[in-house]
Asker: 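One structure is given below, represented as structure tokens, and several questions about it will come after.
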Amino acid sequence: MGREKDAKGDGKAKHKATKLKKLSDNEGAVAGGDAIKNSAKTTKAAERTENGKPHKKAKTPKTEPLESASSTREPVKPEPEDGVFAAKKTGLKRKRIKDEAMEGPSRSSASPASKTKNKRHEEEAQKMKLKKRTEKTVKKEEGEHPVSKKTKRTKEDIEGARQLKIKKKEEEEQSRWRWWEEEKYEDGVKWRFLEHNGPSFPPEYQPLPNNVHFFYNGKKVKLSLAAEEVALFFAQMLDHEYTTKKVFRENYFKDWRKEMTHEERLLITDLDKCDFGELHAMHKAKVEARKGQTKEEKLVLKEANQKVVDEYGYCLLDHHKERIGNFKIEPPGLFRGRGEHPKQGMLKKRIQPEDVIINCSKEARIPVPPTGHRWKEVRHDNTVTWLASWTENIQSAIKYIMLNANSKLKGEKDWEKYEIARKLKSCVDDIRNQYGQDLKSRQMVTRQRAVALYFIDKLALRAGNEKEEGESADTVGCCSLRVEHITLHEKLEGNECVVEFDFLGKDSIRYYNKVPVIKKVFKNLQLFVENKGPGDDLFDRLNTGMLNKHLSSLMAGLTAKVFRTYNASITLQQQLKQLTNKSDNEPEKLLSYNRANRAVAILCNHQRAPPKTFDQSMANLQAKIDARKEALSLGETELKQAKKEAKTRGSSDTKQQILVERKKAAVKRCEEQLLKMEVQATDREENKQIALGTSKLNYLDPRISVAWCKNMDVPIEKIYNKSQRDKFAWAIDMTEDDFEF
DNA sequence: AACCGTACTTAGTAACCTGTGA
DNA sequence: TCACAGGTTACTAAGTACGGTT
């Protein structure tokens, strides 16, 4: 919460990313941090754009993508998978997919074997069922090991565990559905068979114990069950900043009163007179108790959880068991909108089975609703991917139960997304020329569209759909920018035609940036703001619908958000090329990877609140580094000493020679450790306010990373954790080291 | 063209888990 | 052995996109 406040002043982090500090350079850490803090400085790359000077060094991501295209590297190689999602020039998205399925090259790779494959998959499905059982036993064994034998773990034990791990991995590999080798379904068909157990519902409300009381105006009040439950929602949040906010309190109180009985409503008229102290204390005690549980208690809980996952966490989709992403119905509570959300604090109601629509195959076993209940509806729509849905009461938005990111349904879509982005790469020059021309159009709409596109392309802004006022926080994207969100500077800090952006974007994250733009854009902007008030739309003739319609006419499947994907991925690829050397050691390579990733995160404005413990942990690390340094210098003197001694004693003294070698090795080890820590410190410092996860998960074509790993001899595990590897299994499987985005 | 409903991706934070070093 | 930092996962809000209706 309140992140926009944190961002004040220094604004958006901007990684200057001039030539990277040598890793061995101790000040690297500091320099990295400064780059971030200095932030909102005009980008160097932008100067470049305008004076057209290509330069090797600057890698400020902000503007790189725009000009890079013209200067860019070798043409894309026609990869085998290139054509899989190749879109037809004409026709809409849906149709396109159909066309591909009929004639796309995907057939060539997938169909010949498809019959045997289907068979294989059935076998695999069988195996999967088996596996589940074995997996469980495996887990158990693993779990028991450390408890029982930890103290006397023999080599065999360790070796055994290692083997077990390898075996497990192999098994998993065996049972994985290699959907990317199969043909795609026709049209909008998402599945042919879908069976699941429905969503899992949160537990019923447990009334307060008799010794916990709510007080109003100093007097003990026994609340009705409904009112009590909602009171507890508030009490549980008392430590949170939310409960101090006026809007939150007002919304809460209004909704709480709706849950009260008539008598309660008459009595309780002022939130300030409510004393939730005992409820709050009870909640805190519960949290503490959970922390203080014994191992056994925790294990029992874990097993119970696992049971729920086993029952509700998976579905059967076209012969394959797939993990469900969110199989739990969202429990009731108080709405936590982000930013200045007008509805924060409102009561998010408990969802009943009667509110839930189930989607599954006609042939499938229909999930059984909780006893005494029935579903709102059961439908069989295989053109959508959700298994269940309900309408939430705050914004009347529909919520869905859908599959996990490692599923076919999500993976295939993801793959398609990157293929569209790659397609943009091949025509981005034309599109840039086009909107360059459009900047001079006689039509106001066209010019607005061109400027908006310029922003979206150059700055990776979001499209900016219009949103209903008062329904959510006041945030904007490109098309919904208002005059008040930009300031035009003819001259600023040595640059001409600078646009200063300052607005709240998605999740009320502040976007602050000063960007030199080309003259035509600047003139247009001056025109757009003429005779307008601060609250007026900058692009008053434009919306995302019109923009996307135009884009889809330029390239099938092209929408505003494709530019974000494209620019993110192309930036990663370029940065990796520039930053990494084959001769670097692994920590250095990984730092470079993270820096490339970071460049993208900065481009996309992916921020995070600095971790609460940041300064502390930074200091700790520094202390460790200092200690290591001391140890190193000590080691060095010892080495010197030993050498000297060896010299005087002569080479015949093998004992002394051995000592020298040992000292040498110790020094070397020490140096390596030191380097690793320093690299870590640099990385962490540079990452203070930047979140890498979002771009890694949503914007960076995983094939770029996989190819890089192969080229650099870095194990994939170093950059993707388990769930990321699962999600990107398709890319890890199919990507060769010569992949080019 | 304004508006609405639907479906899906993208996003940051909080809770949880685990490996590690005192 | 235990605390705790840091990584991972769960959660759910907040976007984008698009088709249909008025």
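Chain A is the first sequence line, chain B the second, and so forth, proteins listed ahead of strands; every chain is numbered from 1. What you see below is based on every heavy atom in this structure, not just the backbone, and it leaves out hydrogens, waters and symmetry mates.
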Asker: Assuming nearest nucleotide by heavy-atom distance, tell me which of A:Gly477 and A:Phe335 is located more 5' along DNA chain C.
Answerer: A:Phe335
Asker: For A:Gln395 and C:dA14, is the shortest distance between a side-chain N/O and OP1 or OP2 below 4.0 Å?
Answerer: yes
Asker: Taking only N and O in the side chain of A:Thr694, is any of them less than 4.0 Å away from OP1 or OP2 of B:dA11?
Answerer: no
Asker: Would you call the rings of A:His485 and A:Phe503 parallel, tilted or perpendicular, where under 30° means parallel and over 60° means perpendicular?
Answerer: perpendicular
Asker: Please list all pairs meeting ring pair (Phe, Tyr, Trp, His ring centres under 6.0 Å) that have one or both residues in residues 684-705 of chain A, counting only residues at least two apart or in different chains.
Answerer: A:His606-A:Tyr699
Asker: With a 3.5 Å cut-off and no angle check, do the side chains of A:Thr244 and A:Glu241 form a donor-acceptor pair?
Answerer: no
Asker: Between A:Lys561 and B:dT10, is there a side-chain N or O to OP1/OP2 distance below 4.0 Å?
Answerer: yes
Asker: Between A:Asp381 and A:Leu697, who's closer to the 5' end of DNA chain B by nearest nucleotide?
Answerer: A:Asp381
Asker: From CD of A:Gln607 over to C1' of B:dT10, roughly how many Å is that when rounded to an integer?
Answerer: 16 Å
Asker: Residues in side-chain hydrogen bond (donor to acceptor under 3.5 Å, both in side chains) with A:Lys348, at least two apart?
Answerer: A:Glu330
Asker: Less than 6.0 angstrom separating the ring centers of A:Tyr512 and A:Phe501, yes or no?
Answerer: no
Asker: Using a cut-off of less than 4.0 Å, is there contact between a side-chain N or O of A:Lys399 and OP1 or OP2 of B:dA7?
Answerer: no
Asker: Does B:dC16 have its OP1 or OP2 closer than 4.0 Å to a side-chain nitrogen or oxygen of A:Arg290?
Answerer: yes
Asker: Enter the distance from A:Ile431:CD1 to A:Leu551:CG here, rounded to the nearest 0.5 Å.
Answerer: 7.0 Å
Asker: Respond yes when some side-chain nitrogen or oxygen of A:Tyr699 is under 4.0 Å from OP1 or OP2 of B:dT9, and no when none is.
Answerer: no
Asker: At under 4.0 Å between heavy atoms, what does A:Gly545 touch on the DNA or RNA strands: base, sugar-phosphate, or nothing?
Answerer: nothing
Asker: To the nearest 10 degrees, what angle separates the axes at the start and end of the helix from B:dA1-C:dT22 to B:dA22-C:dT1, five pairs each?
Answerer: 10°
Asker: Under 6.0 Å between the ring centres of A:His341 and A:Phe248?
Answerer: no
Asker: Take atom CG of A:Leu692 and atom P of B:dA11, then tell me their distance rounded to the nearest Å.
Answerer: 13 Å
Asker: Quick check on B:dT9: is either OP1 or OP2 less than 4.0 Å from any side-chain nitrogen or oxygen of A:Lys410?
Answerer: yes
Asker: Please state how far atom CG in A:Asn543 lies from atom C1' in C:dC18, giving the value in whole angstrom units.
Answerer: 12 Å
Asker: Is it true that A:Lys307 and A:Asp310 have a side-chain N and a carboxylate O under 4.0 angstrom from each other?
Answerer: no
Asker: Cationic tip of A:Lys349 within the cone over A:Phe233's six-membered ring, i.e. under 6.0 Å and within 45° of the normal?
Answerer: no
Asker: Hey, is the side chain of A:Arg684 poking within less than 4.0 Å of OP1 or OP2 on C:dG6, counting only N and O atoms?
Answerer: yes
Asker: Before you tell me yes or no, could you show the steps for A:Asp457 and A:Asn567 under side-chain hydrogen bond (donor to acceptor under 3.5 Å, both in side chains), namely the whole-Å CA-CA distance, both residues' side-chain angles and the distance that decides it to 0.1 Å?
Answerer: CA-CA 8 Å; A:Asp457 187 17; A:Asn567 278 320; 3.1 Å; yes
Asker: Please give, in whole Å, the distance from C:dG15 P to A:Asn548 CG?
Answerer: 17 Å
Asker: Identify, with sequence neighbours excluded, every residue that meets side chain to side chain contact (heavy atoms under 4.5 Å, CB included) alongside A:His380.
Answerer: A:Cys360, A:Lys362, A:Val378
Asker: Has A:Lys348 got a side-chain N or O lying under 4.0 Å from the OP1 or OP2 atom of C:dA13?
Answerer: yes
Asker: Please determine if a side-chain N or O atom of A:His240 lies less than 4.0 Å away from the OP1 or OP2 oxygen of B:dA14.
Answerer: yes
Asker: Roughly, in whole Å, what's the span from CG in A:Leu461 to P in B:dT10?
Answerer: 17 Å
Asker: Checking all strands, does A:Ala397 fall into the base, sugar-phosphate, or nothing category for heavy-atom contacts under 4.0 angstrom?
Answerer: nothing
Asker: Taking only nitrogen or oxygen atoms into account, show me every contact under 3.5 Å that the protein makes with nucleotides 9-11 of chain C, one pair per line with its distance.
Answerer:
{"residue": "C:dT9", "atom": "OP2", "partner": "A:Ser723", "partner atom": "OG", "Å": "2.7"}
{"residue": "C:dC11", "atom": "OP1", "partner": "A:Lys328", "partner atom": "NZ", "Å": "3.4"}

Asker: To the nearest angstrom, how far is A:Ile456 atom CD1 from C:dG15 atom P?
Answerer: 15 Å
Asker: Angle between ring planes, A:Tyr720 versus A:Phe728, binned at 30° and 60°: parallel, tilted or perpendicular?
Answerer: tilted
Asker: Check this for me: does any side-chain nitrogen of one of A:Asp239 and A:Lys284 sit under 4.0 Å from a carboxylate oxygen of the other?
Answerer: yes
Asker: Of the candidate nucleotides B:dA2, B:dT10, B:dG12, which contains the atom at the shortest distance from the side chain of A:Ile509?
Answerer: B:dG12
Asker: Which nucleotide wins on minimum distance to the side chain of A:Asp507, given the candidates C:dG6, B:dA11, C:dT12?
Answerer: B:dA11
Asker: Test side-chain hydrogen bond (donor to acceptor under 3.5 Å, both in side chains) on A:Lys467 and A:Thr475 and set out the steps.
Answerer: CA-CA 9 Å; A:Lys467 30 196 273 183; A:Thr475 62; 2.6 Å; yes
Asker: In whole angstroms, how far is the P atom of C:dA13 from the OH atom of A:Tyr400?
Answerer: 15 Å
Asker: Is A:His606 near enough to B:dA11 that one of its side-chain N or O atoms lies under 4.0 angstrom from OP1 or OP2?
Answerer: yes
Asker: Please compare A:Ser396 and A:Arg564 by the position of their nearest nucleotide in DNA chain B and report the one closer to 5'.
Answerer: A:Ser396
Asker: Please list, by residue number, the residues of residues 462-476 of chain A whose heavy atoms come closer than 4.0 Å to an atom of DNA chain C; answer none if no residue qualifies.
Answerer: A:Arg462, A:Ala463, A:Gly464, A:Asn465, A:Lys467, A:Thr475
Asker: Phosphate oxygens OP1/OP2 of C:dT8: is one of them under 4.0 Å from a side-chain N or O of A:Arg725?
Answerer: no
Asker: Can you tell me how far P of B:dA15 sits from CG of A:Leu301, to the nearest Å?
Answerer: 16 Å
